[in-house]
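Keep in mind it's a predicted model, so treat the numbers as computed, not measured. All chains are named by letter (A, B, ...) in the order of the sequence lines, taking the proteins before the strands, and each is independently numbered beginning at 1.
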Number of protein chains: 2
Amino acid sequence: MLNYSRTEENYIKAIYHLEAGKDSVSTNDLAESLQTKPASITDMLKKLKKKKLVSYQAYYGCRLTLEGKQLALMIIRRHRLWEYFLSQKLDFSWDEVHDVAEELEHVSSEKLINKLDAYLGFPRFDPHGDPIPDEKGAIANDKLISLNNQPENKPCIVSKIGNQSVSILEMLEQKNIAIKTRLEIIKKYPFDGSMEVKVGRSRTTILTKELAHNIFIKEV
Amino acid sequence: MLNYSRTEENYIKAIYHLEAGKDSVSTNDLAESLQTKPASITDMLKKLKKKKLVSYQAYYGCRLTLEGKQLALMIIRRHRLWEYFLSQKLDFSWDEVHDVAEELEHVSSEKLINKLDAYLGFPRFDPHGDPIPDEKGAIANDKLISLNNQPENKPCIVSKIGNQSVSILEMLEQKNIAIKTRLEIIKKYPFDGSMEVKVGRSRTTILTKELAHNIFIKEV
DNA sequence: ATAATTTTTTAGATTTGTCTAAATTTTTTT
DNA sequence: AAAAAAATTTAGACAAATCTAAAAAATTAT
Ligand SMILES: [Mn+2]
Ligand SMILES: [Mn+2]
Ligand SMILES: [Mn+2]
Ligand SMILES: [Mn+2]
């Protein structure tokens, strides 16, 4: 794998995240995501096409090639491993790791990343519950389901939070809910989508549908 | 402390290292050290002067201002802490850490560096024996002496290697000499400057004056 | 002190990544 | 199927960091 500029890497990663689901990524969405102007996107897409990282047809958006997708996975691997390191070893809190990882992800020594991976014990999820691609780019796709889709009286484990804002962190912290917390829905209220949930073994609390929608779980 | 570009940081660090001893740093020496052309140096010096990081007078070289020196110390702090991390935690060998640290040193989060420092136990020397500036830029200047200047029968501790080439690493490894190894000169041979040295508690070996010159020690 | 040599600066061009404004194409509405 | 609106691209400019070639200044040698 060749070496790419920080800017190119950020584009590739953004395309990867945006193309999930959709069958092509629009110039405008990319501009929005990268906080830049559509004209700049067009310029860069031409360049990335020349480098065979994306397929791109004028006016019809772009997609990653296989090579582009592999690069994206490596950048995401670095990002999430650093987030895990910051949270686990340096005692950073959940919502502080992302910005620093955004810088560290561009240090591209493969040896560094593989040794870091080993040092951390080959973690499979980052502090937000997102899966960490392995050395070859393979990614655990435990199909995570939202707490909204879980029936009553079936215990489950929090494995990912959909939204990484400070406000949701605060709220979950106060309710004692974190990655790996055991939850069980006691009662669902169809009227407003809210639910009464047992947190861990004893305490119960009320979650709105907005909050529950952002809590992804695995069955136990 | 403001944020500076990777390029600016590399210039500041290079000036810091070159100005040791001399009272000003020449354009040519900087070009040599940064692997670039003198004309580029002139351009950047004007820019760094405008930012008050260096004092610079056309045709008469440059020096760091107090602010510039403080910035240099912070970059060196990051560089050496990362080297220590790579060597101590990720099991990198002595001669592999520098290049990776050259990249990591530009991740400028103060919180990251201070937490890393704490995690590593506030180390005072990097894997090459160079001192690590503290949070405020203070630097241990243990006046290190070369093994050549040590008398016979006075035990000492290896605390720095002057030259960081692969060839010296190999040689020292084979002789079981590393940072913190205890040495004691048994006999000096004035004829060729070589010496017989006890390594640790038992083994002895012969060192040439060229090698001994690159081994810096502290008295025990 | 002059000439020769070395060092350094200036001038003008190049590359990367960005921008604004205008033109073009696609999509949506009527 | 036009017309209107939205999305996208092109054209031209700019800032950062670099380069080459030429000019200028400082240093060294004669
Ligand atoms: Mn993140
Ligand atoms: Mn990034
Ligand atoms: Mn180093
Ligand atoms: Mn560097």
Side-chain angles (χ1 to χ4, degrees), chain A residues 2-15 18-19 21-64 68 71-72 75 102-103 105-108, chain B residues 2-15 18-19 21-64 68 71-72 75 102-103 105-108:
Chain A
L2 291 169
N3 255 10
Y4 299 99
S5 77
R6 157 169 317 232
T7 310
E8 289 166 336
E9 289 193 346
N10 283 334
Y11 271 76
I12 292 298
K13 201 178 61 156
I15 295 168
L18 288 173
E19 84 179 358
K22 278 166 287 185
D23 52 65
S24 85
V25 177
S26 77
T27 301
N28 259 9
D29 287 356
L30 259 177
E32 163 75 25
S33 159
L34 288 166
Q35 298 271 64
T36 177
K37 302 294 167 184
S40 306
I41 303 292
T42 300
D43 289 345
M44 182 60 88
L45 287 180
K46 287 175 181 168
K47 188 179 163 192
L48 294 177
K49 182 183 185 179
K50 200 172 291 170
K51 295 195 177 187
K52 307 201 170 177
L53 294 172
V54 307
S55 61
Y56 163 64
Q57 207 197 332
Y59 294 103
Y60 290 92
C62 70
R63 289 193 58 81
L64 293 179
L71 174 58
I75 301 163
E102 204 58 44
E103 301 246 312
E105 74 186 0
H106 301 290
V107 177
S108 64
Chain B
L2 290 169
N3 255 9
Y4 298 98
S5 76
R6 157 168 318 231
T7 309
E8 290 167 335
E9 289 193 346
N10 282 334
Y11 270 76
I12 292 298
K13 200 176 63 155
I15 295 168
L18 288 173
E19 83 179 358
K22 278 166 286 185
D23 52 66
S24 87
V25 176
S26 77
T27 300
N28 260 10
D29 286 356
L30 259 176
E32 163 75 26
S33 159
L34 289 166
Q35 298 272 63
T36 178
K37 302 293 166 184
S40 306
I41 302 293
T42 300
D43 288 345
M44 183 60 88
L45 287 179
K46 286 174 181 168
K47 188 179 162 194
L48 294 176
K49 182 183 185 178
K50 199 173 291 168
K51 295 195 176 187
K52 305 200 173 181
L53 295 172
V54 307
S55 60
Y56 163 63
Q57 207 197 332
Y59 293 102
Y60 290 93
C62 70
R63 289 193 58 81
L64 293 178
L71 174 58
I75 301 163
E102 204 58 43
E103 300 248 311
E105 73 185 1
H106 302 290
V107 177
S108 65

N/O (side chain, B:T27) to phosphate O (OP1/OP2, C:dT7) under 4.0 Å: no
A:D29 CG to D:dA7 C1', straight-line distance once rounded to whole Å: 11 Å
A:L71 side, atom CG; A:I15 side, atom CD1 - distance, nearest 0.5 Å: 10.0 Å
Integer-rounded Å distance: C:dT18 P and A:Q35 CD: 12 Å
Rounded distance (nearest 0.5 Å) linking atom OH of B:Y60 with atom CG of B:D23: 13.0 Å
Among C:dT18, D:dA11, D:dT18, the nucleotide that comes nearest once only the side chain of B:M44 is considered: D:dT18
Minimum-distance nucleotide to B:K37 side chain [options: C:dT18, C:dA21, D:dC19]: D:dC19
Side-chain heavy-atom pair A:L48, A:Y4 within 4.5 angstrom cut-off: no
Nearest-nucleotide pick for A:S26, side chain only, options being D:dT8, C:dT18, D:dT18: D:dT8
Any B:N28 side-chain nitrogen or oxygen under 4.0 Å from OP1 or OP2 of C:dT6: no
B:E19 (side chain) donor-acceptor with B:L64 (main chain) under 3.5 angstrom: yes
D:dT10 OP1/OP2 closer than 4.0 Å to side-chain N/O of A:T42: no
Rounded distance in Å - NZ (B:K50) to P (D:dA15): 12 Å
B:L30 CG - C:dT7 C1' separation (whole Å): 13 Å
N or O in side chain of A:Y59 less than 4.0 angstrom from C:dA23 OP1/OP2: no
Sugar-phosphate only, base, or nothing, as touched by A:S40 at under 4.0 Å among non-hydrogen atoms: base
Any A:Y56 side-chain nitrogen or oxygen under 4.0 Å from OP1 or OP2 of D:dT9: yes
Approximate separation, where rounding is to 0.5 Å, of B:K49 NZ and B:Q57 CD: 7.0 Å
Sugar-phosphate only, base, or nothing, as touched by A:A39 at under 4.0 Å among non-hydrogen atoms: base
Whole-Å distance separating the NZ atom of B:K49 from the C1' atom of C:dT8: 15 Å
Any B:Y60 side-chain nitrogen or oxygen under 4.0 Å from OP1 or OP2 of D:dA26: yes
Distance test, side-chain N/O of A:T36 to OP1/OP2 of C:dT18, below 4.0 Å: no
Atom-pair distance (CG on B:L45; C1' on D:dT18), nearest Å: 14 Å
Integer-rounded Å distance: C:dT16 C1' and A:D43 CG: 10 Å
OP1 or OP2 of D:dT10 under 4.0 Å from side-chain N/O of A:K46: yes
Atom pair distance, as rounded to whole Å: CD in B:E8 and C1' in D:dA16: 9 Å
Inter-residue atom distance B:T27.OG1 - B:M44.CE, 0.5 Å rounding: 13.5 Å
